[in-house]
There are 2 protein chains.
Amino acid sequence: MENTRELFQIMTRRFGLLNKNCCSVGGCDISLAQSHLLYEIDRRHNPSMQQVAETLGIDITTFSRQVQSLMKMDLVKKTADPSDRRVFTLSLTVQGKFVATTIDQQMNDYLNEVFSYMSEFEKETVLRSVQIFNDAMGKSSRCCAPITG
Amino acid sequence: MENTRELFQIMTRRFGLLNKNCCSVGGCDISLAQSHLLYEIDRRHNPSMQQVAETLGIDITTFSRQVQSLMKMDLVKKTADPSDRRVFTLSLTVQGKFVATTIDQQMNDYLNEVFSYMSEFEKETVLRSVQIFNDAMGKSSRCCAPITG
DNA sequence: GTCATATAGTTGCAAAGTGCAAATATAACC
DNA sequence: GGTTATATTTGCACTTTGCAACTATATGAC
């Protein structure tokens with residue numbers, strides 16, 4: 001029987017490689033870190049810088065600069081929060097939304113191909129399992145617990 | 001119903017954060033990249049530099065330097081392959097083996113805690129699902145297919 | 001043999017990414 | 001009004017990265 005960590009290590013490595021391979025949209029090449037930013041900004045509703053940085057486990061100063069470069073590429077927008085002027089909320093530009101959506105599409109296409117090698121029952125089981133696992137990770141008191149999502 | 005990619009994205013993100021948190025063994029702090037190297041060298045039998053770099057999806061020049069720094073830390077050993085003198089095979093030193101084993105232990109401890117939030121049946125299902133998913137990824141013709149393991 | 005070509009690995013260099021400490025700006029509490 | 005806390009940015013030094021070019025060895029054609 002394989003080691004438990006091994007199973008997850010291999011899976012996440014492969015998924016990470018996939019993520020890396022999906023960083024090219026049209027003429028626009030972005031880094032893996034930038035892809036993660038776009039993903040997280042896309043799935044939330046106007047999150048603050050702090051929130052996203054913490055969720056991704058990135059130092060806030062590094063994050064600040066990553067946002068700057070994505071703004072230069074016109075993929076991300078920063079808006080001052082009127083209720084607390086220390087805070088900036090993040091959102092995607094039209095182009096940023098397009099890039100994020102395209103990446104999401106590519107990833108889902110690939111995942112669908114992977115699922116095509118399983119029976120429908122297996123597919124359902126796998127999806128449910130990942131959900132169960134994510135829920136359990138969320139309950140854990142140890143390192144990764146506070147991360148939302 | 002949640003997006004398929006979302007499920008995997010969240011899971012791998014959390015697992016990645018866990019990996020990052022498990023990079024400290026005794027007085028020895030290593031980077032996440034170094035942890036991945038140790039892991040992969042540990043689970044293979046005297047792999048060559050090329051093999052490991054390709055498996056991890058790292059540029060060979062970057063990899064070469066990572067190996068150099070792990071050698072300086074006395075965690076990894078490079079041995080000239082007598083049958084092909086262009087090739088160097090990698091292995092862990094006693095201390096490297098200790099670090100890799102300790103990290104593995106920490107990761108498995110954490111995973112066991114996560115599994116404690118599930119029933120035994122759910123746990124079995126999740127483990128089997130990850131195995132099924134890894135097998136299916138291995139069958140895929142797309143990006144991550146050639147990666148061994 | 002030896003010449004051309006392929007492969008394994010290293011190094012130079014310039015660019016990008018990183019985190020800590022310190023700064024700015026605003027909020028919140030008393 | 002003054003102290004303390006929070007959100008974000010910048011300075012700086014260090015590390016990491018990948019491409020191009022290099023060395024060294026192997027392999028195949030002839």
Side-chain angles (χ1 to χ4, degrees), chain A residues 13 16-17 19-21 23-24 28-41 44-73 75-91 146 148, chain B residues 16-17 19-21 23-24 28-38 40-41 44-73 75-91 146 148:
Chain A
R13 177 196 293 160
L17 289 173
N19 250 328
K20 220 171 171 180
N21 277 328
C23 281
S24 206
C28 180
D29 281 333
I30 62 175
S31 73
L32 183 58
Q34 290 172 333
S35 167
H36 288 319
L37 257 79
L38 292 183
Y39 173 79
E40 192 60 21
I41 296 172
R44 292 190 174 223
H45 177 66
N46 295 334
S48 74
M49 311 249 315
Q50 285 286 350
Q51 284 171 340
V52 180
E54 191 177 333
T55 301
L56 297 178
I58 304 174
D59 184 273
I60 183 68
T61 70
T62 301
F63 183 79
S64 171
R65 275 178 273 243
Q66 283 173 347
V67 168
Q68 283 171 35
S69 66
L70 285 172
M71 288 201 311
K72 251 183 234 148
M73 297 169 79
L75 300 176
V76 162
K77 223 172 15 196
K78 238 170 54 180
T79 313
D81 182 334
S83 74
D84 183 340
R85 293 201 298 178
R86 291 169 304 181
V87 174
F88 286 89
T89 59
L90 299 171
S91 55
T148 316
Chain B
L17 290 173
N19 252 327
K20 219 170 172 181
N21 277 328
C23 281
S24 205
C28 180
D29 281 334
I30 62 175
S31 73
L32 182 57
Q34 290 172 334
S35 167
H36 288 318
L37 257 79
L38 292 183
E40 192 58 22
I41 296 172
R44 290 188 175 226
H45 178 66
N46 295 335
S48 74
M49 311 247 316
Q50 287 286 348
Q51 284 172 338
V52 179
E54 191 177 334
T55 301
L56 297 177
I58 306 174
D59 184 272
I60 182 68
T61 70
T62 301
F63 183 79
S64 170
R65 275 177 274 242
Q66 284 172 348
V67 168
Q68 284 170 34
S69 64
L70 284 172
M71 288 202 309
K72 252 184 232 148
M73 298 168 78
L75 299 176
V76 162
K77 223 171 16 196
K78 238 170 53 181
T79 312
D81 182 334
S83 74
D84 184 340
R85 292 200 299 174
R86 292 170 303 179
V87 175
F88 287 88
T89 59
L90 299 171
S91 54
T148 316

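Proteins get letters first, then strands, A, B, ... in listed order; numbering begins at 1 in each.
Side chain of B:Gln66 to backbone of B:Phe63: no donor-acceptor contact under 3.5 angstrom is found. A donor-acceptor pair is defined here as one N or O able to donate and one able to accept, closer than 3.5 Å; such a pair exists between the side chain of A:Lys20 and the backbone of B:Gly57. Between the side chain of B:Glu54 and the main chain of B:Gln51, no donor-acceptor pair closer than 3.5 Å is present.
In this structure, the CG atom of B:Leu56 is 12 Å from the P atom of D:dT17, given to the nearest Å. Residue A:Phe88 contributes atom CZ, which lies 19 Å from atom P of D:dT6 at whole-angstrom precision. Atom CZ in A:Arg65 sits about 12 Å away from atom C1' in D:dC14, given to the nearest Å. B:His36 places its NE2 atom 14 Å from the P atom of D:dT16, with the value rounded to the nearest Å. The nearest whole Å value for the distance from the CD1 atom in B:Ile60 to the C1' atom in D:dC22 is 15 Å. With rounding to whole Å, A:Glu54 atom CD is found 15 Å from D:dT8 atom C1'. For the pair B:Leu70 CG and D:dT15 C1', the computed distance is 14 Å after rounding to whole Å. Rounding to whole angstrom units, CG of residue B:Asp59 and P of D:dA20 are separated by 11 Å.
Using a 3.5 Å distance cut-off with no hydrogens or angles, the side chains of A:Asp81 and A:Thr89 do not pair a donor with an acceptor.
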(message) Between B:Lys77 and B:Met71, does the side-chain contact (heavy atoms from CB on, under 4.5 Å) criterion hold? Intermediate values first, please.
(response) CA-CA 6 Å; B:Lys77 223 171 16 196; B:Met71 288 202 309; over 6 Å; no

(request) Might you work through the side-chain contact (heavy atoms from CB on, under 4.5 Å) test for B:Ile58 and B:His36, ending with a clear yes or no? (result) CA-CA 11 Å; B:Ile58 306 174; B:His36 288 318; over 6 Å; no

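Considering only side-chain atoms of A:Val87, the nucleotide from D:dC19, D:dT10, D:dT8 that sits closest is D:dT8. The A:Ser48 side chain lies nearest to D:dT8 when the options are D:dC19, D:dT8, D:dT25.
Between D:dT15 and B:Gln66, no contact under 4.0 Å exists linking OP1 or OP2 to a side-chain N or O. Phosphate contact (OP1/OP2 of D:dG18, side-chain N/O of B:Thr61, threshold under 4.0 Å): absent. Between A:Gln68 and D:dT10, a side-chain N or O to OP1/OP2 separation shorter than 4.0 Å is present.
The two residues A:Thr55 and B:Leu17 come nearest to each other via the heavy atoms O-CD1, 4.1 Å. The two residues B:Gln34 and B:Ser69 have their closest heavy-atom pair at NE2-OG, 3.3 Å.
Nearest-nucleotide positions on DNA chain C place A:Ser69 closer to the 5' end than the other of A:Asp81 and A:Ser69. Of the two residues near DNA chain C, A:Ile58 and B:Ser64, the one whose nearest nucleotide lies more 5' is B:Ser64. Between A:Gln50 and B:Arg85, the one whose closest nucleotide on DNA chain D sits nearer the 5' end is A:Gln50.
Protein chain A contacts DNA chain C over a range whose 5' and 3' limits, counting nucleotides with an atom under 4.0 angstrom from a non-hydrogen atom, are C:dT18 to C:dA27.
No contact: B:Phe63 has no heavy atom under 4.0 Å from any strand.
At a cut-off of 3.5 angstrom, counting only N and O atoms as typed in the model, there is a donor on one side and an acceptor on the other between the side-chain of A:Arg86 and the base of D:dT6.
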